[in-house]
Amino acid sequence: MSASCTVNVNKSEKSGTQKLQYCDIQPTIIKSKEFIHPVTVITFDIETTGFSRNLDRIVEIAFQDLSGGENSTFQTLIDPQCYITNSSIHGITNNMVASCGVPRMQELIPIILQFVKSRQKPGGYVLLVAHNARTFDVPFLLHEFSRYSIDIPQDWLFLDTMTLARQLMKLSDSKITKISLEALCEYYGIEVDGEAHRALPDVISLSLILQRLTFDLKLDVSDLVERAFTPLDLINKKKK
DNA sequence: TGCCAGGCCCTCTTTAGGGCCTT
């Protein structure tokens with residue numbers, strides 16, 4: 001994937017994007033090759049106190065804007081306001097999150113919104129990418145936002161790299177047999193820069209994996225947008 | 001009584017079951 005993530009879309013519809021609902025965004029972005037509409041691709045990862053989106057909380061989050069440049073990464077511990085019992089998994093302890101300056105989620109959400117906005121191109125959309133995003137990272141994020149009655153911005157789309165990895169696994173000449181983040185790192189010869197199961201090292205690995213997957217599957221940004229989903233997609237699926 | 005996570009995908013399937021994947 002190129003460093004600059006720009007995709008062609010219909011400029012004439014730009015003025016109407018404020019009224020768009022989640023479900024309308026994808027076709028609008030990928031509609032036409034004649035017009036240019038920017039998409040910012042940001043990978044992200046969370047560490048949590050467990051697997052339950054209802055009972056567990058996020059203890060660390062990291063983002064990386066694939067466009068690069070100054071301030072392209074963002075990482076912070078989060079005070080989950082509950083006892084951490086799985087420190088052996090990620091190494092994040094109760095003492096660490098109790099330290100002065102570690103924000104609670106309600107304090108952090110405006111900062112996350114500001115970070116993403118700072119990376120967003122004027123009039124553009126954001127594609128937030130995570131591994132197992134559909135089942136894990138995004139539902140957790142939605143729960144945290146809804147806990148404080150804050151809406152996910154309508155110009156945010158989400159992409160799950162597990163979907164791309166499954167697609168790669170189906171290719172006849174693919175030698176990949178597992179699609180975990182660890183397995184994909186091993187497959188692509190990516191060395192984890194730092195502790196695995198910490199948000200920033202995992203997000204840096206994910207950025208490299210995303211670039212390799214898009215290359216192997218011959219995808220451009222509009223292809224990624226086509227495979228993206230919105231919070232509304234998850235809510236509607238749950239209702240079915 | 002029912003909850004204790006949940007969606008995707010494959011197969012020994014489709015009126016289902018179980019492994020994978022995330023912390």
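Here the structure is a predicted model, which means the values were calculated and not measured.
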**Report entry** Base of B/dT23 and ring of A/Phe136 stacked, centres under 5.5 Å, planes under 30°
**Finding:** no

Exercise for review: Please work out if A/His197 contacts a base, only the sugar-phosphate, or nothing of the nucleic acid, heavy-atom cut-off 4.0 Å.
Suggested key: base

Report task. Describe the nucleic acid contact of A/Leu181 in one word from base, sugar-phosphate, nothing, applying a heavy-atom distance below 4.0 Å. Result -> sugar-phosphate

Note: A/Asp65 and A/Val41 closest approach over all heavy atoms is OD1-O, 3.4 Å

Rounded to whole angstrom units, what separation is found between the [atom1] atom of [X] and the [atom2] atom of [N]?
| X | N | atom1 | atom2 | answer |
| --- | --- | --- | --- | --- |
| A/Leu77 | B/dT23 | CG | C1' | 15 Å |
| A/Asp233 | B/dG7 | CG | P | 14 Å |
| A/Glu60 | B/dT23 | CD | C1' | 12 Å |
| A/Asp137 | B/dA5 | CG | C1' | 14 Å |
| A/Arg134 | B/dA5 | CZ | C1' | 16 Å |
| A/Leu168 | B/dC9 | CG | P | 14 Å |
| A/Asp202 | B/dT22 | CG | C1' | 10 Å |
| A/Asn54 | B/dG2 | CG | C1' | 15 Å |

Rounding to an integer number of angstrom, what distance separates [N] and [M] when you compare their [atom1] atoms?
| N | M | atom1 | value |
| --- | --- | --- | --- |
| B/dC12 | B/dG18 | C1' | 11 Å |
| B/dG19 | B/dT1 | C1' | 29 Å |
| B/dC20 | B/dT15 | P | 25 Å |
| B/dT13 | B/dC8 | C1' | 15 Å |
| B/dG6 | B/dT23 | C1' | 14 Å |
| B/dT14 | B/dC9 | C1' | 14 Å |

Q. Within the modelled atom types, does a donor on one side and an acceptor on the other bring the side chain of A/Asn86 and the base of B/dT23 under 3.5 Å apart?
A. yes

### Task
Please confirm whether A/Arg134 makes a cation-pi placement over A/Phe158, using NZ or CZ under 6.0 Å from the six-membered ring centre and within 45° of the ring normal.
no

When you compare the side chains of A/Ser207 and A/Gln64, does any donor N or O come within less than 3.5 Å of an acceptor on the partner? yes

Note to self: Please tell me whether A/Gln106 and A/Arg147 have a donor and an acceptor in their side chains that are separated by less than 3.5 angstrom.
What the structure shows: no

Residues, nucleotides or ligands: over 12 heavy atoms within 6.0 Å of A/Glu186 CD
no

Ranking A/Asn132 and A/Arg166 by the position along DNA chain B of their nearest nucleotide, the one closer to 5' is A/Arg166

Among B/dC21, B/dA5, B/dT23, the one nearest any side-chain atom of A/Ser52 is B/dA5

